[in-house]
Amino acid sequence: MIIVMKNNCTKQDVENVIAVLKEHGLGANLSTGSQKTIVGVLGDKTKLSDVNLELMDGVEKCVPIMSSYKLASRDMVPEGRTVNVGGEIIGANQLCMIAGPCAVESEEQMMQAAAGVKAAGAKFLRGGAYKPRTSPYSFQGIEEAGLKILRKAADAYGLKAVTEITDHDLIPVAEPYCDMFQIGARNMQNFRLLREVGRTKKPVLLKRGIANTIEEWLDAAEYIMSEGNYNVVLCERGIRTFETATRNTLDVSAIPVVRERSCLPIIVDPSHAAGKAAYIESLSLAAVAAGADGLIIEVHPNPKKALSDAAQQLTPKAYAELFGKVRAVAEAIGRTI
Ligand code: PEP
Ligand code: MN
């Protein structure tokens, strides 16, 4: 349930409402927007059966949240949340550009990737040190050595570092080296991993599962938020359909649906959706035009030699060209890039 406060309510009115919630063993999530102040009730609202909150000073109305996800719902923060990743804001008017190779392979590769990504204008460097591969015989990542290289390359070029963790045991290992955890499509419903990243303060990039509905995805975000970490960014990366011409099918419709139903920023990964370098630019432009809050794109200094996802990685040159076109679309729709 959310409690919508009157436009002219006082700070004391809000404090009194929160105090009543606390007295009844409930938590409160305060959202102070430019239009409305909203108090989200956290916990079992039947505990409030003996109070009529609507009679309290400053309260306009109490509205039940019908969805299974509450903190991730749009009702909770009608203006939308922003996520601060080491000083870079994701959400609001900003268009967040994350790029880098599928996997960290060597220091030389990461330094070249970081140089290209930075020169194009991106602020975030990606690179997987732990790779969730379909086959156990495929390259699995260089693990902690990769985290160290990612951090070094990001720092050398003043970029924020984003990396995937595939298991809850890796949280303390990766935490010192990255600015944002990525939870991959295959782990979207790894509930222990979700809960445990929820107990950290580190921003989380939560990819949509290969065959998950938007509702299941938002419920997964709720797992993280219910543990206290509200710094969640959603990432649409294509879903499995009957079509085989592309690796996955980019669900562009997920962008307006998520923006309507959730307060969380949503970015798009065209690389894993398309699976082929030639299609990445087109999907990127579509995603930005449709209202995505950013793009995460695979860029490798020498894609042909990549140890994973070779077919879909862009050269730094192709990424710089794409970036220029994305900038034009972003500016046309009033976004800052
Ligand atoms: C990745 O980002 O390299 C990755 C494995 O992505 P996904 O989880 O979307 O497949
Ligand atoms: Mn990849």
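Ligands are counted one by one from 1 in listed order, and the atoms in each one are counted from 1 as well. Heavy-atom basis, side chains included; hydrogens, waters and symmetry copies ignored.
Few gaps surround NZ on Lys36; more than 12 heavy atoms of other groups in view lie less than 6.0 Å from it. Counting non-hydrogen atoms of other residues, nucleotides and ligands closer than 6.0 Å to NZ of Lys207 gives a total above 12. Heavy-atom neighbours of Arg199 CZ from other residues, nucleotides or ligands within 6.0 Å: above the threshold of 12. Around the CD atom of Gln35, the shell of radius 6.0 Å holds no more than 12 heavy atoms that belong to other residues, nucleotides or ligands.
Other residues sharing the hydrophobic cluster of Val17, ordered by chain and number and joined by side-chain separations under 4.5 Å: Met1, Ile3, Met5, Val14, Ile18, Val20, Leu21, Leu26, Leu30, Val39, Val41, Leu48, Val51, Leu53, Met56, Val59.
Atoms of ligand 1 found under 4.0 Å from any heavy atom of Cys102, numbered from 1 in the order shown, are 3 (O). Residue Gly184 approaches ligand 1 through these ligand atoms, each under 4.0 Å from one of its heavy atoms: 8 (O). Every atom of ligand 1 with a heavy atom of Arg237 under 4.0 Å away is listed here by number and element: 7 (P), 9 (O), 10 (O).
Distances from atom 3 (O) of ligand 1 to the heavy atoms of Lys131, Glu236, Gln182, Gln312 put Lys131 nearest.
Heavy atoms of Gly128 come nearer than 4.0 angstrom to ligand 1 in no pair at all. Proximity of Arg208 to ligand 1 is not established, as no heavy-atom distance is less than 4.0 Å.
Taken from CG in Leu150 to CD in Glu144, the straight-line distance is 12.5 Å, to the nearest 0.5 Å.
Asp309 and His300 share no side-chain donor-acceptor pair at under 3.5 Å. Inspection of the Ser34 and Glu79 side chains reveals an N or O donor paired with an N or O acceptor under 3.5 Å.
Residue Asp309 has no nitrogen or oxygen atom sitting less than 3.5 Å from a nitrogen or oxygen atom of ligand 1, judged on distance alone.
Each of Gln112, Lys152, Lys148 was scored for a side chain to side chain donor-acceptor pair (under 3.5 Å) with Glu107, with one residue passing: Lys152.
By the criterion of a separation under 2.8 Å, the protein N/O/S atoms near the Mn ion (ligand 2) amount to Cys102 SG, His272 NE2, Glu298 OE2, Asp309 OD2.
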